[in-house]
Amino acid sequence: MAEPLVIGVDVGGTKIAVGLVDAGGTVRERRELQTPASQAALFEAIDGGVADLVDDSVAALGIGVPTRIDRETGRTVGSAVNTPLAEVDLDDRFRERFGLPVGVVNDANAATFAEWRFGAGAGTRSMVMLTLGTGVGGGFVLGGSLYRGWAEIGHIVVEHDGPPCQGTCTGRGHLEAFASGTAVSALAREAFGPKADARSLVELAEDGDECAVGILREVGRKLGSGIGSLVNLFDPELVVVGGGFSAAGDFILEPAREVVRREALAPAGDRVRVVRAKLGAGAGLVGAALVGYEALAAAR
């Protein structure tokens with residue numbers, strides 16, 4: 001009998017990835033859609049992407065969403081900061097729609113799960129991950145288990161009364177206001193004009209532009225301040241940085257490592273490794289599928 005497959009759905013602030021994933025983390029097929037501006041249109045887009053892939057080989061569905069999840073009910077909590085999602089029972093909604101077991105997880109927790117199982121964190125028992133995309137997300141593996149709480153890493157304060165956070169967040173000086181792709185695109189436009197964005201800023205840095213390198217270095221230092229606090233809280237073996245803006249690589253990671261060594265209490269600051277994620281943009285999709293496999297096991 002062929003092994004069951006799971007459809008993973010990774011909902012992001014700008015795009016939705018839907019894929020057919022096996023138990024080894026291999027994505028067999030993949031679709032990518034733009035994230036709509038309303039919740040109804042968002043559900044319609046997910047329904048269409050899943051319907052394109054579902055067949056008799058599919059045994060469950062896993063969904064990663066960029067908002068807080070009630071672990072007991074699978075219901076979203078409050079409004080998502082960067083995505084059109086209000087409070088809704090995703091578990092029930094998609095189980096009724098497709099007649100499959102459904103697992104729901106925060107999108108950054110999903111990426112953390114995948115990187116720990118199959119990527120940069122394989123073999124570790126304690127790991128922190130940050131995802132730098134439209135916003136800043138993250139997750140933790142503590143004592144060999146994925147932490148499934150809120151883990152809103154992007155909303156730790158790195159500058160008191162600093163710049164306003166983005167989306168629906170009312171806070172100021174949060175890490176997301178400095179290190180998300182959205183925030184860096186704003187810095188790029190300020191320095192290089194209205195057509196610039198985070199991607200072009202990295203390209204300029206790669207070409208040796210000193211202004212671009214300086215902007216990325218300062219972003220990296222803010223990132224390091226946030227990581228330093230997380231290291232002091234959890235003393236992880238490894239910190240993994242993923243998401244689309246992780247493409248900046250050592251332009252941000254080297255200054256981040258310098259600040260971590262300063263801010264983290266000894267000996268954690270010297271022994272923790274800060275590395276780039278290995279699974280790239282596919283981590284959230286694979287992690288969502290892993291949660292789908294968990295839902296399948298629980299339903300048996």
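What's counted below: heavy atoms across the whole structure, side chains too, no hydrogens, waters or symmetry copies.
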Rounded to the nearest 0.5 Å, the CG atom of Leu230 sits from the CE atom of Met129 at a distance of 13.5 Å
Phe234-Ile227 co-clustered via ILVMFWY side chain contacts under 4.5 Å = yes
query = When hydrophobic residues are tied together by side-chain contacts of less than 4.5 Å, even through go-betweens, does Val157 share a cluster with Val219?
reply = no
For Gly121 and Leu238, the nearest pair of non-hydrogen atoms, with its separation, is CA-CD2, 3.6 Å
- Item | Residue pair Arg261, Glu254: steps toward the salt bridge (charged side-chain N to carboxylate O under 4.0 Å, His left out) verdict | CA-CA 11 Å; Arg261 284 192 290 269; Glu254 276 302 320; 5.1 Å; no
Rounding to 0.5 Å, atoms CG (Leu130) and CD1 (Ile153) come to a distance of 4.5 Å
Hey, what's the ring geometry for Phe94 with Phe43, parallel, tilted or perpendicular (30° and 60° as the breaks)? perpendicular
* May I ask whether Val141 and Val128 are part of the same hydrophobic cluster, defined by side-chain heavy atoms of I, L, V, M, F, W, Y residues being less than 4.5 angstrom apart, directly or through others? => no
All heavy atoms of Ala212 vs all of Ala205, minimum pair found to be CB-N, 3.7 Å
Closest heavy-atom pair, Ala60 versus Leu296, reported as atoms and distance to 0.1 Å, is CB-CB, 3.9 Å
On a heavy-atom basis, the closest approach of Glu152 and Asn106 is OE2-ND2, 4.4 Å
His155 and His174 aromatic ring geometry - parallel, tilted or perpendicular at 30°/60° bounds: perpendicular
d(Phe178 CZ, Leu187 CG) to nearest 0.5 Å is 9.5 Å
Output for pair (Ile16 CD1, Thr35 OG1), nearest 0.5 Å, gives 4.5 Å
The reported gap from CD1 in Ile7 to CG in Leu61 (rounded to nearest 0.5 angstrom) is 6.5 Å
Closest non-hydrogen atoms of Ala196 and Ala188, given as atom of the first, atom of the second and distance, are CB-O, 3.5 Å
Side chains of Phe113 and Val105: does their closest heavy-atom pair fall under 4.5 Å? no
Value for OG (Ser246) from CG (Leu132), rounded to nearest 0.5 Å, stands at 6.5 Å
Does some side-chain heavy atom of Ser200 sit less than 4.5 Å from a side-chain heavy atom of Asp197?
-> yes
- Message: Under 4.5 Å between side-chain heavy atoms, counting indirect links through other Ile/Leu/Val/Met/Phe/Trp/Tyr residues: same cluster for Ile46 and Leu90 or not?
- Response: yes
May I ask you to decide whether Arg262 forms a salt bridge with Glu258, counting only side-chain N to carboxylate O separations under 4.0 Å?
-> no
Next item on the list: Answer yes or no: is there a donor N or O on one side and an acceptor on the other, between the side chain of Arg30 and the main chain of Gly19, under 3.5 Å?
Entry: no
Any sub-3.5 Å donor-acceptor pair from Glu115's side-chain atoms to Ala283's backbone N or O?
no
### Query
Just by modelled atom types, is the Leu142 backbone N or O under 3.5 Å from a matching donor or acceptor in the Tyr147 side chain?
no
Under-4.0 Å salt bridge between Glu294 and Arg117:
no
Given salt bridge (charged side-chain N to carboxylate O under 4.0 Å, His left out), test Arg257 with Asp270 step by step and report yes or no.
CA-CA 9 Å; Arg257 292 179 186 117; Asp270 290 324; over 6 Å; no
Is there a side-chain contact between Arg28 and Asp22 in this structure, where contact means two heavy atoms from C-beta onward sitting under 4.5 Å apart? yes
query: What about Val158 and Val241, same hydrophobic cluster or not, with Ile/Leu/Val/Met/Phe/Trp/Tyr joined at side-chain heavy-atom distances under 4.5 Å?
result: yes
Practice problem: Verify side-chain contact (heavy atoms from CB on, under 4.5 Å) between Asp10 and Asp107, making sure each step is shown before the conclusion. | Solution: CA-CA 7 Å; Asp10 179 26; Asp107 63 335; 3.8 Å; yes
(request) Would you confirm whether Trp116, through its side chain, and Leu146, through its main-chain N or O, come within 3.5 Å as a donor-acceptor pair? (result) no
Lys/Arg N to Asp/Glu carboxylate O, Arg217 vs Asp250, below 4.0 Å: no
Output yes when a side-chain donor or acceptor of Asn232 lies under 3.5 Å from a complementary backbone atom of Leu265, and no otherwise. yes
Subject >> Step-by-step salt bridge (charged side-chain N to carboxylate O under 4.0 Å, His left out) determination, Arg199 to Glu203 >> reply: CA-CA 6 Å; Arg199 179 177 297 181; Glu203 291 171 352; 5.5 Å; no
* Is the backbone N or O of Gly242 less than 3.5 Å from a side-chain atom of Arg276, with the two atoms forming a donor-acceptor pair by type? -> no
With distance as the sole test, does Ser126 use its side chain to make a donor-acceptor pair with the main-chain N or O of Glu237 at under 3.5 Å? yes
Closest heavy-atom pair, Phe245 versus Ala198, reported as atoms and distance to 0.1 Å, is CD1-CB, 4.0 Å
Test item: side-chain donor near acceptor, Ser180 and Gln166, under 3.5 Å | yes
Check: Do side-chain atoms of Thr182 reach the backbone of Thr134 as a donor and acceptor pair under 3.5 angstrom?
Finding: yes
Taking Asp47 first and then Arg97, would you say they form a salt bridge - that is, a charged N and a carboxylate O separated by under 4.0 Å? yes
